[in-house]
Amino acid sequence: MKPTLLVWPIAMLIGACTNYENCRLTTDIRIDQCGYLPQSPKMALVDDFAQKYAIIDDKGNKVLSGRPDASQFYAEANQKYRKIDFSALNKVGTYTLVINDTLCSYPIHITDDVYTPLSAAALKAFYYNRSGINIDECYAGAWARQAGHPDTCVMVHKSAASVARPVGTIISSPRGWYDAGDYNKYIVNSGISTYTLMLAATIYDHKAIKTSINIPETGNFIPDIWNETIYNLRWMLTMQDPNDGGVYHKLTTLAFESFKMPNECSQQRYVVAKGTAATLDFAATMAYASRNITKYDHTDEHKALADSCLSAAQQAYAWAEQHSNVPFVNPADVSTGEYGDATFTDEWFWAATELWLATADNKYVEKMKANNPAKLTVPSWGDVATLGYYSMLTEHKMPPTFRAKTTLLQLADSLVTQSAISPISISMTNYDWGSNSTVANMGIVKLIAYKVTNEQRYLNSALDDVHYLLGRNPLGRCFVTGFGVNPPLNIHHRISVADTVEAPVPGLLCGGPNIVVLTDCDADSITRSQYPAISYSDEVCSYSTNEIAINWNAPLVCLLWGVEER
């Protein structure tokens, strides 16, 4: 792949430095497009033809120079790369990396707060995706919009019908976040997303206190990350059937809405079938919330909410004990996102762990033991057991027979080892759907390992995951809207497409490269590479690579907060 050259003289960036006046900007000098922390490791990724480099400060002075590392072939991109380690550069400032005296990078920013605007935007992205509320100009600026989907007249679908709530019963289920590029709301995905934000708020409490994102609740004496999370928690509580404790899998239209604004949508919305996975994910999320929601505010309102969360968690768990194997499959007349899952050992472990931590009732320990995974995996919506380990380790409480630290470190060590041998310094080896969220979640595994060991190698590897997401990747693209010099512009997100604003809603992490689906766009006009690491298209139609989702943004927030609070 030849470099993509953008005609822009280097002198515009570093002044009249005549040695490099013909240098051309390129995103093929792959850097973190947001920047680097002063005392952290720093690396750039360049193509095989690079023979020498120089780093120039904003006054035109050469501050570092040398030769790139030996080239390595990265099969997933079908290309050779060289690494340039410039970790020795730790002075705050703005720099340019020059290759072979002819190619130059976009500005390299080194500062202590380099990720602060990004992490705030990634959190505020949840506000922009709220259901049932006006997104007012004083909070949203250009991305203000009218409320859509109040969800006060939601119908019980035939798949969810019961004696107490027969088909067609109208219930109210307001608030919550739109799940992704569509307008539906899904409990399974909300569970891990809400938990991850609560985890970030709890273990990085200094960041939580400092981060204000200008939302309607700002200034009410609890951190905005909790304000935002509570908006979704209150919706999740409405998805529990008060008659039996079971939890509806999703709130949805029968088919996806077209690309129009939320207030223009008119399809009837339904709650659809209860299931074991959704009910256990709900139980785990509510149990965690009950322990942490009053950390900053002990008013009667939040004490009552915490009590409601614990009661709801216990009722959901009891329902699951009576309905232990109810997988979700879309009913014949429903074609929206499925989030289907037929293996429940991970949900049982997570829910039992969170309820044991919340109640100290040893009846949950036997379920933990029976479903404890032999080997941990990187969390995803369909594989949540590791979340229970996060909670045990960060709360410093576990049953006597559990070797939680050792087990978590085995996973973290395998990820760090893989990153160390990777030609592009990441742990990911399989580009599946939502590959960017996999990278972010790998980073969180390492951050938890860092938290319990204080070993720098875990933090450094988590930083590599940040750098990948923000531009140091084979595509030379920052995968977050509104940030970097080469961000996504055409995300698969109905609000960003249908509003009148040219730029997409900022702070949204897109799904990233994968070859799971190659036919989401018209193949006659848009084709994607067969090589996984570069199989990406910045097109609205590419829902498999360019959609956004709450379970991708939540780990981005947690990862960024973790490296900021290093």
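We use all heavy atoms of the structure for the numbers below, so side chains are in, but hydrogens, waters and symmetry mates are not.
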When the aromatic ring centroids of Phe259 and His492 are compared, is their separation below 6.0 Å?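 Ring centroids of Phe259 and His492 are less than 6.0 Å from each other.
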Taking [X] for the side chain and [Y] for the main chain, is one N or O donor matched with an acceptor at less than 3.5 Å?
X	Y	answer
Asn486	Gly476	yes
Thr279	Ala316	no
Thr196	Ile192	yes
Asn490	Asp538	yes
Asn553	Leu509	yes

Applying side chain to side chain donor-acceptor pair (under 3.5 Å), can you list everything that pairs with [X], at least two apart in sequence or on another chain?
X	value
Ser529	none
Thr481	none
Asp465	Lys446
Arg528	Asp520, Ser535, Ser544

Output all residues satisfying ring-ring contact (aromatic ring centres under 6.0 Å, His included) with [X], sequence neighbours left out; order by chain, then residue number.
X	answer
Tyr317	Trp348, Tyr364
Trp552	none
Tyr195	Tyr288, Trp350

To the nearest 0.5 Å, tell me how far [X] [atom1] sits from [Y] [atom2].
X	Y	atom1	atom2	result
Asn372	Thr345	CG	OG1	10.0 Å
Trp381	Asp179	CH2	CG	10.5 Å
Ser435	Asn514	OG	CG	6.0 Å

Of the non-hydrogen atoms in [X] and [Y], which two are nearest, and what is the gap between them?
X	Y	answer
Asn473	Arg477	ND2-O, 2.7 Å
Ile495	Tyr128	CD1-O, 3.9 Å
Leu463	Ser40	CD1-CB, 3.7 Å
Leu251	Met239	N-CE, 3.6 Å
Asn330	Glu338	N-OE2, 2.7 Å

Taking the six-membered ring of Trp356 as reference, does the NZ or CZ atom of Lys367 fall below 6.0 Å from its centre and within a 45° cone about the axis?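 The answer is no; the distance or angle limit is not met.
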Could you tell me if Arg130 sits above the aromatic ring of Tyr231, with its cationic atom closer than 6.0 Å to the ring centre and no more than 45 degrees from the axis?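 Flagged: Arg130 positioned over aromatic ring of Tyr231.
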Do the ring planes of Tyr36 and His467 sit parallel (below 30°), tilted (30 to 60°) or perpendicular (above 60°)?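 Judged by the thresholds at 30° and 60°, the geometry between Tyr36 and His467 is tilted.
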Please list, chain by chain and in numerical order, all residues satisfying salt bridge (charged side-chain N to carboxylate O under 4.0 Å, His left out) with [X], sequence neighbours excluded.
X	result
Asp383	none
Lys250	none
Arg494	none

Chi angles and distances behind the side chain to side chain donor-acceptor pair (under 3.5 Å) call for Asn129, Tyr178: CA-CA 5 Å; Asn129 244 36; Tyr178 297 130; over 6 Å; no
Could you check whether [X] pairs with [Y] (Lys NZ or Arg NE/NH1/NH2 to Asp/Glu carboxylate O, under 4.0 Å)?
X	Y	answer
Lys42	Asp32	no
Arg30	Asp28	yes
Arg457	Glu455	yes

Please test Tyr81 against Asp47 for side chain to side chain donor-acceptor pair (under 3.5 Å), starting from the C-alpha separation and ending with a verdict. CA-CA 5 Å; Tyr81 298 106; Asp47 290 340; 5.4 Å; no
side-chain contact (heavy atoms from CB on, under 4.5 Å) between Leu518 and Gln530, intermediate numbers included: CA-CA 8 Å; Leu518 287 170; Gln530 296 289 327; 3.6 Å; yes
The test is side chain to side chain donor-acceptor pair (under 3.5 Å); show your working for Ser425 and Asp464 and say whether it passes. CA-CA 7 Å; Ser425 294; Asp464 277 329; 4.8 Å; no
Between Thr545 and Ser542, does a side chain to side chain donor-acceptor pair (under 3.5 Å) hold up when you go through it step by step? CA-CA 6 Å; Thr545 71; Ser542 188; 2.6 Å; yes
Hey, does Tyr543 have a side-chain heavy atom less than 4.5 Å from the side chain of Val517?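 Yes, their side chains come closer than 4.5 Å.
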Taking the side chain as every heavy atom from C-beta outward, state whether Leu475 and Pro513 have any pair of such atoms under 4.5 Å apart.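 Yes, their side chains come closer than 4.5 Å.
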Can you tell me if Lys80 has over 12 outside heavy atoms packed within less than 6.0 Å of its NZ?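 For Lys80, atom NZ is not crowded (no more than 12 foreign heavy atoms under 6.0 Å).
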Yes or no on ring-ring contact (aromatic ring centres under 6.0 Å, His included) for Tyr389 and Phe349, after CA distance, side-chain angles and deciding distance? CA-CA 10 Å; Tyr389 275 78; Phe349 179 79; 5.5 Å; yes
Could you pull out every donor-acceptor pair under 3.5 Å between side chains of residues 67-77 and any protein atom, sequence neighbours left out?
from	atom 1	to	atom 2	distance (Å)
Arg67	NH1	Gln51	O	2.9
Ser71	OG	Asp48	OD1	3.1
Tyr74	OH	Tyr431	OH	2.7

Quick one: disulfide bond (SG atoms under 2.5 Å apart) pairs with a partner in residues 528-566, sequence neighbours left out?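 For residues 528-566, and leaving out neighbouring residues, the disulfide bond (SG atoms under 2.5 Å apart) pairs sorted by first residue read Cys521-Cys541.
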